[in-house]
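The block underneath contains the structure these notes are about, expressed in structure tokens.
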There are 2 protein chains.
Amino acid sequence: MFSIGELSKRTKVKVPTIRYYEQMGLLAEAERTSGNQRRYDKTGLERLSFIRHARDLGFSIEAISSLIELQEHPDRSCEAATDIAVSQLADVREKIKRLKLLEKELSRISKGCDGQGVSEDCYVLASLADHELCSREH
Amino acid sequence: MFSIGELSKRTKVKVPTIRYYEQMGLLAEAERTSGNQRRYDKTGLERLSFIRHARDLGFSIEAISSLIELQEHPDRSCEAATDIAVSQLADVREKIKRLKLLEKELSRISKGCDGQGVSEDCYVLASLADHELCSREH
DNA sequence: CTTGAACCTCTAGTCACTAGAGATTGTAGA
DNA sequence: TCTACAATCTCTAGTGACTAGAGGTTCAAG
Ligand SMILES: [Zn+2]
Ligand SMILES: [Zn+2]
Ligand SMILES: [Zn+2]
Ligand SMILES: [Zn+2]
């Protein structure tokens with residue numbers, strides 16, 4: 001049995017974040033000492049590691065909730081889990097796509113001015129004022 | 001002179017968002033009718049288009065504030081504008097990098113299970129529980 | 001037994017909006 | 001000119017995933 005601070009150290013999840021996860025129902029309410037402090041065991045550690053990993057992979061709290069519920073019922077079909085993962089992957093790909101378009105434009109914009117001139121003639125400012133200067137939609 | 005709804009239509013920025021920008025100091029306070037409704041002219045339209053475009057490119061409200069201030073002073077050095085653009089580009093590149101790592105892992109995870117089994121044997125859930133299954137840091 | 005780090009709860013702030021309530025105004029058709 | 005109703009107004013609160021701070025209590029080492 002260890003404290004929230006110890007759990008924090010082991011999982012690299014900040015203490016207030018752990019309490020937040022508990023409040024959101026991701027973590028079961030921890031046991032308490034007689035003085036009302038939280039105490040965790042291996043189960044709590046594994047659960048939080050799962051959450052941490054899923055968050056690192058960009059899953060939302062809501063998605064993680066569903067995944068955990070599934071994990072709690074080993075006999076259920078895992079279809080929902082795959083669905084969530086596939087949808088998360090699609091999300092990530094969509095974001096990459098969008099960001100690549102931005103990168104293209106921002107790269108052009110950045111290169112267009114060395115910062116030595118005055119605001120009036122600045123290509124950065126001109127580019128922001130006029131989307132027509134962009135090479136594509138973004 | 002046109003209404004906020006008309007401005008919204010022309011710039012594709014939602015009405016409450018326009019009011020929000022005004023509150024944040026990005027848009028000058030608009031003129032008002034005797035009945036207190038906002039009225040805009042070409043200047044307001046151009047300003048909002050600038051904001052919209054910068055937002056589309058991912059600049060923060062704070063960054064846009066600085067850019068607008070620079071734009072208001074045509075004689076000032078534009079160095080800050082270039083700095084902001086370069087830093088935004090770096091941000092975007094960083095995000096792309098991160099997302100590509102996620103994509104790699106998520107793609108592996110998604111492929112690992114067809115959703116036909118049970119939760120207990122699910123590769124998606126196993127992968128989330130164990131970062132060791134990941135091929136890299138992410 | 002004392003000290004002080006770690007813990008507790010609760011509220012509020014972050015960012016860039018978005019939604020809704022409840023009241024007022026603008027404008028087009030009768 | 002009147003009426004209907006869409007559009008506008010202000011204000012407050014909610015979103016997601018935390019983070020910061022106040023003010024108080026508990027744990028554990030020396
Ligand atoms: Zn410049
Ligand atoms: Zn553009
Ligand atoms: Zn599965
Ligand atoms: Zn991993």
Report the distance from atom [atom1] of [X] to atom [atom2] of [N], rounded to the nearest whole Å.
X     : N      : atom1 : atom2 : result
A:M24 : D:dG14 : CE    : P     : 13 Å
B:L27 : C:dC17 : CG    : P     : 12 Å
A:I18 : C:dC7  : CD1   : C1'   : 12 Å
B:Y40 : D:dT8  : OH    : C1'   : 11 Å
B:Q23 : C:dC15 : CD    : C1'   : 14 Å
A:L7  : C:dC7  : CG    : C1'   : 14 Å
B:I51 : C:dA16 : CD1   : C1'   : 13 Å
B:E31 : C:dT25 : CD    : C1'   : 18 Å

Whether [X] contacts [N] is assessed here as follows: a side-chain N or O lying under 4.0 Å from the phosphate OP1 or OP2. Is that the case?
X     : N      : answer
A:K14 : D:dT19 : yes
A:R52 : D:dA17 : no
B:T33 : C:dG26 : yes
B:S3  : C:dG26 : no
A:R55 : D:dC18 : yes

Quick one: do A:E46 and A:K42 satisfy side chain to side chain contact (heavy atoms under 4.5 Å, CB included)? Show the steps, please.
CA-CA 6 Å; A:E46 283 169 1; A:K42 191 160 157 287; 3.0 Å; yes

Between [options], which one does the side chain of [X] approach most closely?
X     : options                : result
B:I61 : C:dC7, C:dA16, D:dT8   : C:dA16
A:R19 : C:dC8, D:dC18, D:dC9   : C:dC8
A:R39 : C:dA16, C:dG26, D:dA28 : D:dA28
A:Q37 : D:dA7, D:dT26, C:dT9   : D:dT26
A:Y20 : C:dT18, D:dT10, D:dA17 : D:dA17

If two hydrophobic side chains count as joined below 4.5 Å and joins carry through other members, does B:L133 share a cluster with B:L128?
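B:L133 does not cluster with B:L128.
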
Does A:I4 or B:P16 map to a spot on DNA chain C nearer the 5' end, using the closest nucleotide for each?
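Between the two, 5'-proximity favours A:I4.
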
Check the surroundings of atom CZ in B:R98: do more than 12 heavy atoms from other residues, nucleotides or ligands lie under 6.0 Å from it?
no

Whichever of A:S34 and A:Y21 has its nearest DNA chain D nucleotide further upstream toward 5'
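In this pair, the answer is A:Y21.
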
Between B:V15 and A:E62, which has a closest nucleotide on DNA chain D that is more 5'?
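That would be B:V15.
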
Is there a donor in the side chain of A:E137 and an acceptor in the side chain of A:H131, or the other way round, less than 3.5 Å apart?
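Distance-only check passes for A:E137 and A:H131.
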
Is a side-chain donor-acceptor pair under 3.5 Å present for A:E105 with A:S135?
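Side chains of A:S135 and A:E105: pair found under 3.5 Å.
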
Indicate the ring-plane relationship of B:H138 and A:H53, choosing parallel, tilted or perpendicular according to the 30° and 60° boundaries.
tilted

